[in-house]
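Below, chains carry the letters A, B, ... as their sequence lines are ordered, and counting in each starts from 1. Note that this is a predicted model, so its numbers are computed, not measured.
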There are 2 protein chains.
Amino acid sequence: MDYKDLQAFLAISTHLHLGQASQQLHMSASTLSRRLARMEEEAGARLVERDSSPLQLTHAGELFRQHAEHTLESFQQLRSAVSTQVSDLSGSLTLFCTVTASYSFLADLLARFRERYPNVELRIHTGDAADAISRVQSQAADVAIAARPDVLPEALSFKTMAPSPLLFIAPRGLNTVPQLARAEIDWSQVPMVLSESGLGRTRVDRWFAARGMTPHIYAQVAGHEAIVSMVALGVGVGVVPELVLRNSPMASRVRVLSVEPELEPFAVGLCAATEQLQSPLLQALWKTARL
Amino acid sequence: MDYKDLQAFLAISTHLHLGQASQQLHMSASTLSRRLARMEEEAGARLVERDSSPLQLTHAGELFRQHAEHTLESFQQLRSAVSTQVSDLSGSLTLFCTVTASYSFLADLLARFRERYPNVELRIHTGDAADAISRVQSQAADVAIAARPDVLPEALSFKTMAPSPLLFIAPRGLNTVPQLARAEIDWSQVPMVLSESGLGRTRVDRWFAARGMTPHIYAQVAGHEAIVSMVALGVGVGVVPELVLRNSPMASRVRVLSVEPELEPFAVGLCAATEQLQSPLLQALWKTARL
DNA sequence: CGACCTATTGCATTTTTTGCAATACAACTT
DNA sequence: AAGTTGTATTGCAAAAAATGCAATAGGTCG
């Protein structure tokens, strides 16, 4: 039994849905299923009632949830009580991060980092993904949570935390975008809502170029988040990373189109100047990211 | 952080000696060292003071020990409270086991098994290792904890739990056995204390045969445990599995001789009739053994 | 009955763990 | 002071475990 298992179980008992829990945990549903099976094996009892959807905790499961909660809290408390690597480091780090990444990665990362290095002042800037890399290059930020660019500038280092596919999304209503109704979609006619710039835009442009077309751009916006909203309103088809879609309140108003070939997925992670990686502050953050 | 880590840490804090703790845990010292390092990493503090021998827990280590103790106990309690696989199985199993194995393996195995299958009546026979296999073959026992024979009889299955080298031991005093004092030992002259029969004896005989000699047998005894005592008394050189030596109160009165080539090590584990393995009772025991 | 949604399993791949041997380090001994 | 012993730690190759994808199974809802 691993503390990761305990966390996983808490996620399961919150969502009561393996697929959703697995997303929160950044792992596949099959992995989570197997972890759960192993937990049940080790606990010696069925913890989750699978007969129904949503899932339901058994009595044993409820007891186990309490055990997990209590144990993790106890460990958390222990860590903050004894962390000695604490006071050594101080200074400040400027971290740039997209709004979306701030939902899914930033919280975890910061919680761990602040606990260990409370004396490090963190300045967090949120903004558009397209800016992330340039902010690091221009030293406006020490580190960014961003998607890995196709070619990483020589002076930068990158550490992937999770992949996120790049998706075509359309309004849910089938006839909102009439160009999609045809059997063979003529993509050059489909109104697109795209980022003004950045990696996502580059990949979309390349995808169209590979088909010998240019996209019919209906709107260009700064920031992926707005794309979901505009698509939900029915103005056209958009392209966003899965991570953005998942965290959008509009997610249920749009649908994902499967296209062939797929756009190359994003790899979301930490990015910093290689040279700066020697600095204790950055090393600390780098190390914190993997656990 | 893994529950195995917690157990490992308890062992460390008991022995305050990695080598000893690692033996109790059936793992190598290097493994334990790395596990400890990882625990410290995850806990965010040094847990054990290495500057001295015996080791010493730091303050953080003491807190962590309490956390580990409490967590394991809580989990233990949870398991016994919810174990549902309990009532299904009932019946009886006859287990044969050497005295020595009863120290190092039986306790763990039984604890886990009884917890899950309290309705299974276990009849435990302890006796000499040499009998173990034949007891299973003759169905006098359903299963045995024994060393794996050179050629496993066709009808039997074996599951290794841990290896244990076969060692030459001599009295600590250098001149108690004068034949050992020479630069080149003439093994045919050394008085030996050997098992009457069994795998250990077979291997010793073979070792001598490979050198074209027969051993000079001073005493033959039934059961390895007595060999250690006799050797400690100074009557001659004996051969016992490391497991026996480790658990013997006489261990400090003897020393291990390094010989070339080494005797083939024992593989200690469970042994049962393959056919019987279909039985739910035996399957249960088999499964319990691996965790 | 079929379409759909969710969890589970087979399998190839990647990641992690492990033990052995070599090394490092400290306390004693000579 | 140099060597010896007893201990923990690290490099490295082998073994074991975890993981994701794709296929499958087991439901429920229309």
(message) If we count only N and O atoms by modelled type, under 3.5 Å, do the side chains of B:Gln24 and B:Gln20 hold a donor and an acceptor together?
(response) no
(request) Give a yes or no on this: more than 12 heavy atoms of other residues, nucleotides or ligands lie within 6.0 Å of atom CZ of A:Arg253. (result) no
(request) In whole angstrom, give the distance that lies between atom CD of A:Glu41 and atom P of C:dT9. (result) 12 Å
(request) Measure the distance from CE on B:Met27 to P on D:dA8 and round it to the nearest whole Å. (result) 14 Å
(request) Look at the side chain of A:Arg38 and decide which nucleotide, out of C:dT9, D:dA18, C:dT18, has an atom nearest to it. (result) D:dA18
(message) Quick check against the 3.5 Å criterion: does B:Ser164 have a side-chain atom that pairs as donor or acceptor with the backbone of B:Pro241?
(response) no
(request) Round to the nearest Å and state the distance from A:Leu36 atom CG to C:dT6 atom C1'. (result) 14 Å
(request) Rounded off to whole Å, could you give me the CG-to-P distance for the B:Leu25 and C:dG19 pair? (result) 11 Å
(request) Measure from CZ on A:Arg50 to P on D:dT28 and round the result to the nearest Å. (result) 15 Å
(request) Could you tell me the separation between the CG atom of B:Leu32 and the C1' atom of C:dT17, rounded to a whole number of Å? (result) 13 Å
Taking only N/O atoms, report every protein-nucleotides 3-7 of chain D pair under 3.5 Å with atom names and distance.
{"unit_1": "D:dT7", "atom_1": "OP1", "unit_2": "B:His17", "atom_2": "NE2", "d": "3.0"}
{"unit_1": "D:dT7", "atom_1": "O5'", "unit_2": "B:His17", "atom_2": "NE2", "d": "3.2"}

(message) Distance check, rounded to the nearest 0.5 Å: A:Leu18 atom CG versus A:Thr31 atom OG1?
(response) 11.0 Å
(request) Keeping the roles fixed (side chain from A:Arg255, backbone from A:Ile169), state whether a donor-acceptor pair exists under 3.5 Å. (result) no
Which pairs, protein N/O on one side and nucleotides 21-26 of chain D N/O on the other, fall under 3.5 Å?
{"unit_1": "D:dC21", "atom_1": "N4", "unit_2": "A:Ser30", "atom_2": "OG", "d": "3.1"}

(message) For A:Glu41, is there an ion pair with A:Arg38 - N to carboxylate O distance below 4.0 angstrom?
(response) no
(request) Grab the CG-P distance between A:Asp51 and D:dC29 for me, whole Å please. (result) 14 Å
(message) Using modelled atom types and a 3.5 Å cut-off, is there a donor and acceptor pairing between side-chain atoms of B:Thr71 and backbone atoms of B:Ala68?
(response) no
(message) More than 12 heavy atoms of other residues, nucleotides or ligands under 6.0 Å from NE2 of B:His59: yes or no?
(response) no
(request) Check the angle between the aromatic planes of B:Tyr3 and B:Phe75 and answer parallel, tilted or perpendicular using the 30° and 60° thresholds. (result) perpendicular
(message) Between P on C:dT16 and CZ on B:Arg35, what's the gap in Å once rounded to a whole number?
(response) 15 Å
